[in-house]
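Everything on this sheet refers to the single structure shown next.
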Amino acid sequence: AIERTFSIIKPDAVAKNHIGAIYNRFETAGLKIIASKMVHLSQEQAEGFYAEHSERPFFGALVAFMTSGPICVQVLEGENAVLANREIMGATNPAEAARGTIRSDFADSIDENAVHGSDAVASAEREIAYFFSTEELCPRTR
Ligand code: CMP
């Protein structure tokens, strides 16, 4: 089925000038970017986005990292978009990510792992709504 998923290019990958290379991975995989913007998260925005991890030991470091510089947020649309994006991202830990995946090629550590992608359609809907209004979504008609 055609799905939408939410994606972040994290501060490490933006700082290393990998935005275009990562967008190319999305498009090469057949995913269409239907919304896109750059933002620098506040502490409150980062804590809210990652609220489900608030009890995890890495939460403080995660929020500090995600507020350390600008990020790119985008909505990707396509056949099985949630799983398709997870496949091209690779495992959360770059050391375990398959060769040729975004995290294998562009990330250095589990904390600074270049990209985020929704893990399910329900979380994608919530994450998209956290960053984008309905008017900011631009589904393709051609
Ligand atoms: P992300 O998909 O953005 O969701 C939460 C992030 O926490 C995750 O990617 C990792 O970058 C980071 N993180 C750090 N340590 C861990 C861990 N042990 N397990 C899962 N995520 C972790």
Side-chain angles (χ1 to χ4, degrees), residues 1-140:
I2 299 292
E3 294 173 352
R4 291 176 180 175
T5 192
F6 176 73
S7 163
I8 300 177
I9 301 177
K10 297 187 180 185
D12 57 324
V14 172
K16 290 190 282 187
N17 255 0
H18 291 321
I19 298 169
I22 293 172
Y23 270 26
N24 187 39
R25 300 291 177 100
F26 299 148
E27 296 194 322
T28 299
L31 294 168
K32 294 177 175 163
I33 300 164
I34 65 159
S36 168
K37 62 188 169 188
M38 185 175 263
V39 291
H40 193 145
L41 293 180
S42 67
Q43 170 109 2
E44 292 69 28
Q45 285 174 311
E47 288 174 350
F49 181 75
Y50 281 119
E52 67 186 291
H53 295 303
S54 62
E55 304 304 320
R56 307 283 290 274
F58 57 81
F59 183 66
L62 174 62
V63 170
F65 167 58
M66 290 300 293
T67 58
S68 67
I71 62 173
C72 295
V73 293
Q74 46 280 330
V75 179
L76 309 176
E77 186 176 78
E79 189 68 29
N80 292 322
V82 172
L83 185 61
N85 185 43
R86 293 185 73 76
E87 286 182 352
I88 62 171
M89 288 195 298
T92 303
N93 186 348
E96 296 165 4
R99 277 168 48 193
T101 60
I102 293 169
R103 285 170 172 151
S104 173
D105 290 344
F106 300 118
D108 295 326
S109 72
I110 193 170
D111 296 297
E112 305 205 358
N113 64 351
V115 282
H116 164 83
S118 306
D119 62 6
V121 170
S123 45
E125 288 176 1
R126 176 178 58 77
E127 292 173 359
I128 290 167
Y130 194 83
F131 282 98
F132 292 101
S133 67
T134 309
E135 302 78 64
E136 288 178 297
L137 306 179
C138 304
R140 306 294 179 81

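All heavy atoms count here, side chains included; hydrogens, waters and symmetry mates do not. Numbering of ligands and ligand atoms starts at 1, following listing order.
- The 12-atom threshold is not exceeded at CD of Glu55, counting heavy atoms of other residues, nucleotides or ligands nearer than 6.0 Å.
- A donor-acceptor pair shorter than 3.5 Å cannot be found between the side chains of Thr67 and Gln43.
- Of the heavy atoms in Asn113, only side-chain atoms (C-beta onward) come closer than 4.0 Å to ligand 1.
- No side-chain heavy atom of Phe58 sits less than 4.5 Å from a side-chain heavy atom of Ile110.
- Taking a 4.0 Å cut-off on heavy atoms, Tyr50 registers as neighbouring ligand 1.
- Using modelled atom types, no side-chain atom of Asn113 and backbone atom of Asn93 make a donor-acceptor pair closer than 3.5 Å.
- Here the heavy atom of the protein found nearest to atom 14 (C) of ligand 1 is Asp111 OD1, 3.4 Å.
- Every residue meeting the side-chain contact (heavy atoms from CB on, under 4.5 Å) condition with Phe59, not counting sequence neighbours, appears here in chain and number order: Glu47, Tyr50, His53, Ser54, Val63.
- In this structure, His116 and Ile71 have side chains that are not in contact, with every pair of non-hydrogen atoms separated by 4.5 Å or more.
- Look at Glu112 and you'll find every heavy atom at least 4.0 Å from all atoms of ligand 1.
- For atom 9 (O) of ligand 1, the nearest protein heavy atom (residue, atom name, distance) is Lys10 NZ, 3.1 Å.
- Ligand 1 has at least one atom lying under 4.0 Å from a heavy atom of Arg56.
- In this structure, Phe106 and His18 have tilted ring planes: the angle between them lies in the 30° to 60° band.
- In this structure, the protein non-hydrogen atom closest to atom 2 (O) of ligand 1 is His116 ND1, 2.9 Å.
- The shortest contact between atom 17 (C) of ligand 1 and any protein heavy atom is with Phe58 CE2, 3.4 Å.
- In this structure, Arg99 places its CZ atom where only 12 or fewer heavy-atom neighbours from other residues, nucleotides or ligands lie under 6.0 Å away.
- Interface of His53 with ligand 1, defined as ligand atoms under 4.0 Å from a residue heavy atom, comprises 4 (O), 5 (C).
- When hydrogens are left out, the protein atom nearest atom 10 (C) of ligand 1 is Ile110 O, 3.2 Å; that is the closest non-hydrogen contact.
- Below 3.5 Å of separation, one finds no N or O of Thr92 facing any N or O of ligand 1.
- The shortest contact between atom 6 (C) of ligand 1 and any protein heavy atom is with Leu62 CD1, 3.7 Å.
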